[in-house]
Amino acid sequence: MKKRIISLLLSSALLVSVLAACGQQGGTSSTSSVSSESSASSQAEDTDNTASTDEIIEIEFFQQQGEEAIQAGYQAIIEDFEKEYPNIKITMNTVPDSLKVLASRIATDDVPPLLTDWPTQSQFKEKVRNGYYMDLSDQEFLSRVNESYLAMSPADDGKYYAMPYARNYMTVFYNIQMFEENNIEIPETYDEFINVCKTFKEAGITPICLPLKDGVGHIFQATTVAWNPGGIETMVEVAEGNGSLVGNAAFEGYAAKMLELLEYGNEDAFGMSGTMMQEAFANGQCAMIIAGSYARGNIILANGDFEFGAFPLPGDTRESTMALTGVNAALCISASASDAEKDAGLKFMEYISRTEVAQKWSDISGEPSIINGTVYNDANCMPMLDFIDETGQVHDWMASTLNSNVVTELYNTVQAFLLDKQPVDEFLKNMDTTIETAMQ
């Protein structure tokens, strides 16, 4: 049974999105050791901030989000933490293909003692079922997490094995100056969105940059949620052996919209990575991008003077528009960590869950924190969060509902569809085949 679960984890490690929940796509990668320089102002609930001996506890923090701004946020917090806890040294480790690397380490009984993961996803729940993560249910710091997002996070047994730290969303980031100069209003329907694209194209401006070099990834997820409400659930039915996507009107309409989107994208879409897209947008090379909240920090790093906002990727109507959102960064502790490592990990999680610390992390990383008392310091992007919070028209990431292996393989199928501009019927037939094969 353990071999089967490890096999599933290795397969699901290929999933680019989660990433989620996640924000792995398009980020930079590094391995960094950080030292103490600055101090947080508040004290831990555990007032014994120094060890009873002079022993230094060294602990690895396997941090799975590769974006430069997010890494900078964690590094700043680690430096503050080490000032308050001088007997604990944390080494942040961020590597390419983190899910694949983590699955390989799990297979060799080398689970990092402190790490990030995505608690709503099926690959995470597989790890919990196999006993890889420590139960955190009785930790007081969980009470600092926004209740709505904490409620999304329990494992199948109802217990908590991760502390949710941030939420993410997929959105349309837009160049405010370009919109104002061309007298363009924020679109609220798909037709209005396409008209915006037409207006920019006629003005000689690339309407939208698409990063298809690395695959369709998060854009496939965001467009499915926005342009085919209920589409994920339909794919689940197909995966369970019920029905087919061939002849499905909703999927036919979705495929047509994806091909139409390509008409307004950059000519080098299949040669542009996520990082390149963010930089191109920040430097005024296009009017819009479809990206995750994790991209915001990188855009700011690329051009600190750039003014941009965010709005939901529109569906056919305002009422039918759905936003892709979910729990992003969540911290976990390995069940196989030593007692000293577990104690150090719990101290770090308590520290990072303090409101003022979470606020600092949010300000540096650009991510919206879900620690109570924090605010998202970006008025231009707040309309996206307001839409999520006020309408409740949201859907979690695919892998929270659909088998992770299926999601991974569908990325390739959709990529081929866009690259070859296949007939819609052929594309949907390939989708059916992909789902069936991935479920075997």
Can Val128 and Asp156 be said to form a side-chain contact (heavy atoms from CB on, under 4.5 Å), step by step?
CA-CA 9 Å; Val128 169; Asp156 293 338; over 6 Å; no

side-chain contact (heavy atoms from CB on, under 4.5 Å) assessment of Met170 paired with Leu313:
CA-CA 8 Å; Met170 288 296 294; Leu313 179 62; over 6 Å; no

Test Gln65 against Asn328 for side-chain contact (heavy atoms from CB on, under 4.5 Å), laying out the working first.
CA-CA 9 Å; Gln65 290 182 272; Asn328 197 12; 2.9 Å; yes

Derivation of the salt bridge (charged side-chain N to carboxylate O under 4.0 Å, His left out) call for Arg167 and Asp389
CA-CA 12 Å; Arg167 60 174 166 173; Asp389 294 337; 2.9 Å; yes

Show your working on side-chain contact (heavy atoms from CB on, under 4.5 Å) between Ile90 and Glu82 and close with a plain yes or no.
CA-CA 8 Å; Ile90 296 179; Glu82 289 184 344; 4.0 Å; yes

Worked verdict on Gln221 versus Thr224 for side-chain hydrogen bond (donor to acceptor under 3.5 Å, both in side chains):
CA-CA 5 Å; Gln221 296 217 33; Thr224 298; over 6 Å; no

I would like to know whether Thr189 and Asp191 meet side-chain hydrogen bond (donor to acceptor under 3.5 Å, both in side chains); could you show each step before the answer?
CA-CA 5 Å; Thr189 68; Asp191 288 340; 5.5 Å; no

Give the C-alpha distance, both sets of side-chain angles, the deciding distance and a yes or no for salt bridge (charged side-chain N to carboxylate O under 4.0 Å, His left out) between Glu350 and Lys347.
CA-CA 5 Å; Glu350 185 283 321; Lys347 282 184 167 62; over 6 Å; no

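Distance check, rounded to the nearest 0.5 Å: CG of Leu136 to CZ of Phe141 gives 5.0 Å. The line from OH of Tyr264 to OG1 of Thr199 is 9.5 Å long, rounded to the nearest 0.5 Å. Residue Phe427 holds its CZ atom at 7.0 Å from CE of Met258, rounded to the nearest 0.5 Å. Note that the OG atom of Ser353 and the CZ atom of Arg144 stand 3.5 Å from one another [nearest 0.5 Å]. Expressed to the nearest 0.5 Å, how far CZ of Phe417 lies from CG of Asn430 amounts to 10.5 Å. To the nearest 0.5 angstrom, Phe124 atom CZ is 11.0 Å from Trp118 atom CH2.
Annotation for Ala358 and Thr374: closest pair CB-CG2, 3.8 Å, computed over non-hydrogen atoms. Across all non-hydrogen atoms, the minimal contact from Met384 to Ala323 is CE-CB, 3.7 Å.
Below 30°, between 30° and 60°, or above 60°: for Phe173 and Phe308 the angle between ring planes is above 60°, a perpendicular geometry. By the 30° and 60° cut-offs, the orientation of the rings of Phe193 relative to Trp227 is tilted.
The backbone N or O of Tyr294 lies less than 3.5 Å from a partner atom in the side chain of Glu367, making a donor-acceptor pair. Ser98 places no side-chain N or O within donor-acceptor distance of the main-chain N or O of Val95, the cut-off being under 3.5 Å.
Between Asn93 and Pro112, every side-chain heavy-atom pair lies at or beyond the 4.5 Å cut-off. Between Pro164 and Leu150 the shortest side-chain heavy-atom distance falls below 4.5 Å. Between Leu210 and Met277, every side-chain heavy-atom pair lies at or beyond the 4.5 Å cut-off. Between Phe348 and Ile77, the closest side-chain pair of non-hydrogen atoms falls below 4.5 Å. Thr116 places a side-chain heavy atom less than 4.5 Å from the side chain of Tyr74. His395 is not listed as a side-chain neighbour of Pro229, based on a closest heavy-atom distance of 4.5 Å or more. Within the 4.5 Å cutoff, the side chain of Tyr351 has heavy atoms near those of the Asp80 side chain. Taking the side chain as every heavy atom from C-beta outward, Lys125 and Arg129 approach each other to under 4.5 Å.
Note: Phe281 and Phe306 meet the aromatic proximity criterion, with ring centroids under 6.0 Å apart. Proximity of the aromatic rings of Tyr160 and Tyr133 is defined here by a centroid distance below 6.0 angstrom, and this criterion is not met.
Contacts of Asp378 classified as salt bridge (charged side-chain N to carboxylate O under 4.0 Å, His left out), with partners at least two apart in sequence or in another chain: Arg296. Checked against salt bridge (charged side-chain N to carboxylate O under 4.0 Å, His left out), Arg105 has the following partners two or more places apart in sequence or in another chain: Glu60, Asp110.
Ser362 and Tyr376 share no side-chain donor-acceptor pair at under 3.5 Å. With hydrogens and angles left out, the side-chain atoms of Glu126 and Asn130 include no donor and acceptor closer than 3.5 Å.
Geometric assessment of Lys257 against the ring of Tyr190 yields a positive cation-pi assignment under the 6.0 Å and 45° thresholds.
No more than 12 heavy atoms of other residues, nucleotides or ligands sit less than 6.0 Å from atom CD of Gln177.
No salt bridge links Glu263 with Lys198; every basic N to acidic carboxylate O contact stays at or beyond 4.0 Å.
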